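Quick caveat: nothing in here was measured; it's all calculated off a predicted structure.
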2 protein chains.
Amino acid sequence: MNLKDLSQHLGLSPTTVSRALNGYPEVNEATREKVMAAAKRHNYKPNTRAIRLATGRAMAVGHVIPIETRHEIVNPIFADFIAGAGETYARAGYDLILSIVPDGDEARAYREMKSRGNVDGVIVHSPRHDDFRIGLLHDIAMPFVVHGRATGAALPYAWVDVNNRRAFHRATDFLLDLGHRRIGLINGLEFMDFAIRRRAGFVQALTARGMTETPALMRAVEMTEANGYIAARDMLAQTPAPTAFLVSSMIMALGTRRAIEEHGLIMGRDISVIIHDDDLSYMQNGADVPIFTATRSSVRAAGRLAASMLLDTIANPTPTPATHLLEAELIIGQSTGPAPNRS
Amino acid sequence: MNLKDLSQHLGLSPTTVSRALNGYPEVNEATREKVMAAAKRHNYKPNTRAIRLATGRAMAVGHVIPIETRHEIVNPIFADFIAGAGETYARAGYDLILSIVPDGDEARAYREMKSRGNVDGVIVHSPRHDDFRIGLLHDIAMPFVVHGRATGAALPYAWVDVNNRRAFHRATDFLLDLGHRRIGLINGLEFMDFAIRRRAGFVQALTARGMTETPALMRAVEMTEANGYIAARDMLAQTPAPTAFLVSSMIMALGTRRAIEEHGLIMGRDISVIIHDDDLSYMQNGADVPIFTATRSSVRAAGRLAASMLLDTIANPTPTPATHLLEAELIIGQSTGPAPNRS
DNA sequence: TTGAAAGCGTTACCAA
DNA sequence: TTGGTAACGCTTTCAA
C-alpha cells in the first residue's frame, strides 16, 4: 500500500493525502479525518526511501565510534547513552546508524557520509583533547553534537557531558570525610578529555583542604585491566600505602581489585575503592550496588538529551551551540568503610 | 556533483556513466576508464538515497535489541558482535541501523520496518526459547539471521551461536579435574535459550563422571548483580558448601564475588570461580585476564560471520538456512587453584 | 481547499 | 556499445 493506492481508494489526489497525513493546515478537517482513518485502516506507512529522496533529508543520525586500530584498544559502545538517544530518534522517525570507524580514516568516513547523504548529523563519541573532528565537521557542514567535551577546540560546538570534575571532587571529598589521607588515583590517559577533568577534580578536592597531591599516588594509564592491576600493585608497595583508591573505569577496577587481593587485603574492609564509570550498562539500575562505591550519571537521559539537541540543530541550524553539563549521580555501596588504622 | 553533472562533463548519457561505474559488462573499456577517472577526479559519490529508491533496496541492515520494559532488565548491546558485523557491512556499502525495541511492540516494530522499507534484513539478538520473532519474520518475508538459537522454533532459520553447552561442559570438566566435587551453577533464567544449553553442558559433564547434579547447587535467576549475590550467599550457607562456582554472566559474577568476600573467603584461593560471558567488550584482548577463569568466544568474528550470512541471504534468498556453531575460547586466569581442603 | 505536474538522483528497460 | 525514457514513491510548487 503506497500513497498512490491510498489516494485512489479515497478518490483524492496523492497531494491532498500527503498533506492531510503530514498535518498541513490548508486541508479540510473532514478530509483529513477521512484520510487518517483510511491510512490506519489500510495500515499505510510512507516509504522511507521515497521520503528521503524527495525531501533531501536522510532521516537518520550517525553515531560514530572510533576504534583504535594500532593498539588493541576498542572504544566501548556506550550502550546506555545510545539506548537513550535511540528513544528520541524513534519518536521522531529517525534511524540510528551505528558507524564503527577505524581511526586511520575517520576524516574520509565523515566526508563520505556527507557526500553520500545517508545521515543528517552525527553524534561524536570519545572526544580527544582538541579533537580534530570538530573542525572537520564544521568544514563539511555536518551538524553534530559531542558526547563529552574537547577542550582546546578552536570553534564552539554543542556538547553533552557528565561533570567529571565535580564527580571526582565529590568522590575525593567523600573519602577525605571518611578519614582517608592517602588516596591513590588510577586514571585514564590524559589525552582523553574526561581524564584531565577527573584529575582536576581530585586535585581540587585535596587543595581545598590544604593538602597537596602526591605524584606517587597518581597514575594515568591506558584503561585496561592489566594497567589497573599494575598501578594499584605499585602504589600498594609504597610505604605508607594508600588506604583508598579512586578508579576511573570499571575495567581498570577489575585489575585494582586483583592487586588488592594479592596484597592480602579485602576491598571495602581494609581499603576503600570508588569507581567511576559512565557506561554501566552491565550493571543494573536501582538496588544492584556493588561492594564498592560507584559514581555514575543518568547516562540514558544524557543520550536522550544529546539526540534531541542534534535533531533541533538539523531542523534549524543555529550559530550558538547548546551545551549541557550533567551532574553525576553518586551511589554509595555498603562496604566502603572508614579509613583503616594502618600507618 | 551528481550523476547528471558528471555525465554532462563527459559528454555521455547518465545511463552509460552509471553502467561504467557499476561494472556492467556491456560498456566499452576505454569509456569505462574515462568515466572512472572523471568520477575520482570530481570526487563523485552516488547519492545513497537515490540508489535506495531506484533499486528498492534499503542498503541497510537492522540490529534489533529488545529491551525488557516491564522489569528493569536492559539487554546488553553486544558491542563486540556488532563491531564485527559493522566491518562486514562497511565493506559491502551497507549501513547498520541499531534499533532499540521495547518488547511490548516488537511485532509492530518489525512490520513497520518492513513496510517503511528502511532495512533489507535484520539480525535478531537475544532469542528466547521458541522465539515468536522467527515465525513473524518468516511471515513478513524479512530476511534475518539469529545471533543465538531459539530451540523449539517450528521453522528452520539461519543462526550463528557459541557452543554454550560445550563451553559449560569444558568449564565443569576443568573444575572437576582440579578436584572440585561440589560446584555451584549460577545460571540465567531458562527461558533464554543459552541458559538451557549451559545447564545441559554442566549436567552432562557431571553425568559423564558418574555424578548426579545437586538441585541445591543450581540456580536459574535473572542476571543481575543482586541475584548473583543471593544465589552465591545461599549456596555458601549450605553444609557442605560449594568449593567452586560456575557463573553465567559477568554481572552476576560481581554479586557472586561480593557474597564470597562477605563469607570471608578469597576468590581464587579459597574458592574457584569460572565466569562465562559472551560480551567482553569491557575486557581487553590478550593479556588482560582477570583473577578468575573466563570462557569466551571470538565474538567479533561471530558478528562478521552473521553479517555476511545475512547479506548473502538478502542477495539470493535460499530455502535452506545456514547455521554456524562456534567453539568458545577458554581462557585460564592465574588464580583458579585446586579445590580447597575444606569439608 | 484541492489537484496536476515537476522534481529528487539513481537504475532498468527497450531501442537504436 | 550507447542513449532515451520510464520508474521508484514521495514532496513541493504552481494553478485552479
Side-chain angles (χ1 to χ4, degrees), chain A residues 1-36 38-39 42-60 93-95 112-120 315, chain B residues 1-36 38-39 42-60 93-95 112-120 315:
Chain A
M1 170 67 54
N2 60 23
L3 187 63
K4 199 171 151 199
D5 299 340
L6 184 62
S7 64
Q8 280 169 353
H9 266 279
L10 283 158
L12 288 167
S13 75
T15 313
T16 306
V17 176
S18 170
R19 280 196 278 241
L21 258 24
N22 291 305
Y24 281 65
E26 66 262 30
V27 48
N28 188 322
E29 266 315 313
T31 317
R32 187 193 305 281
E33 276 168 30
K34 250 188 306 199
V35 171
M36 296 287 241
H42 293 89
N43 193 33
Y44 166 73
K45 302 282 176 213
N47 183 303
T48 312
R49 295 191 292 264
I51 295 180
R52 293 197 228 254
L53 182 57
T55 60
R57 294 173 303 167
M59 298 301 287
Y94 274 70
D95 282 337
E112 202 165 305
M113 278 185 196
K114 181 68 186 182
S115 50
R116 305 194 92 98
N118 50 349
V119 297
D120 293 318
Chain B
M1 169 68 54
N2 59 24
L3 188 64
K4 201 172 150 197
D5 298 341
L6 184 62
S7 63
Q8 281 169 352
H9 266 279
L10 283 158
L12 289 167
S13 75
T15 312
T16 305
V17 176
S18 170
R19 280 197 277 242
L21 257 25
N22 290 305
Y24 281 64
E26 66 262 31
V27 49
N28 187 322
E29 268 315 313
T31 317
R32 188 193 303 281
E33 276 169 30
K34 251 189 305 201
V35 171
M36 297 286 240
H42 293 89
N43 192 34
Y44 166 73
K45 302 279 178 216
N47 183 303
T48 313
R49 296 191 292 264
I51 295 180
R52 292 198 227 254
L53 182 58
T55 59
R57 292 173 304 167
M59 298 303 287
Y94 274 70
D95 282 337
E112 203 167 306
M113 280 186 193
K114 181 66 185 184
S115 48
R116 305 192 92 98
N118 51 348
V119 298
D120 292 318

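- Atom-to-atom, NZ of B:K45 to C1' of C:dT10 comes out at 16 Å; the value is rounded to the nearest Å.
- Rotation axes derived from the C1' atoms of the five outermost pairs at either end of the helix from C:dT1-D:dA16 to C:dA16-D:dT1 lie 40° apart, to the nearest 10°.
- Separating the CG atom of B:L3 from the P atom of C:dC8 is a distance of 13 Å, rounded to the nearest angstrom.
- We find the CZ-CZ distance between B:R49 and A:R49 to be 14.5 Å, quoted to the nearest 0.5 Å.
- Between the side chain of A:S7 and the backbone N or O of A:L3, at least one donor-acceptor pair lies under 3.5 Å.
- In this structure, B:I51 places its CD1 atom 5 Å from P of C:dT11, rounding to the nearest Å.
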Mind listing the N/O atom pairs, protein and nucleotides 12-16 of chain C, below 3.5 Å?
residue, atom, partner, partner atom, Å
C:dA12, OP2, B:Y24, OH, 2.7
C:dA12, N6, B:T15, OG1, 3.1
C:dC13, N4, B:R19, NH1, 3.4

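- A:N118 has its CG atom 14 Å from the C1' atom of C:dG9, to the nearest Å.
- In this structure, the nucleotide among C:dG9, C:dT1, C:dT10 sitting nearest to the side chain of A:N28 is C:dT1.
- From A:R116, atom CZ reaches atom CG of B:D95 across 9.0 Å, with rounding to the nearest 0.5 Å.
- Residue A:T16 has no polar side-chain atom (N or O) positioned under 4.0 Å from OP1 or OP2 of C:dT2.
- Between the A:T55 side chain and the A:I51 main chain, a donor and an acceptor come within less than 3.5 Å of each other.
- Taking CG of B:L6 as the start and CG of B:L10 as the end, the distance is 5.0 Å to the nearest 0.5 Å.
- Counting 5' to 3', DNA chain D first comes under 4.0 angstrom of a heavy atom of chain B and last does so at the ends given by D:dT1 to D:dG9.
- B:H42 places a side-chain N or O within donor-acceptor distance of the main-chain N or O of B:A38, the cut-off being under 3.5 Å.
- Under a 3.5 Å cut-off, the side chain of B:S18 and the backbone N or O of B:P14 do not form any donor-acceptor pair.
- Between the A:R32 side chain and the A:Y24 main chain, a donor and an acceptor come within less than 3.5 Å of each other.
- One atom, CG of B:N47, and another, P of C:dC8, lie 12 Å apart when rounded to the nearest Å.
- Residue B:M1 contributes atom CE, which lies 16 Å from atom C1' of C:dT10 at whole-angstrom precision.
- Within the 3.5 Å criterion, the main-chain N or O of A:A58 finds a donor-acceptor partner in the side chain of A:R52.
- Between atom OG1 of residue A:T16 and atom CG of residue A:L21 there is a gap of 11.5 Å, rounded to the nearest 0.5 Å.
- Nearest-nucleotide assignment on DNA chain D puts the 5′-proximal partner with B:R32, out of B:L53 and B:R32.
- Checking side-chain atoms of A:D120 against main-chain N and O of A:M59 turns up a donor-acceptor pair under 3.5 Å.
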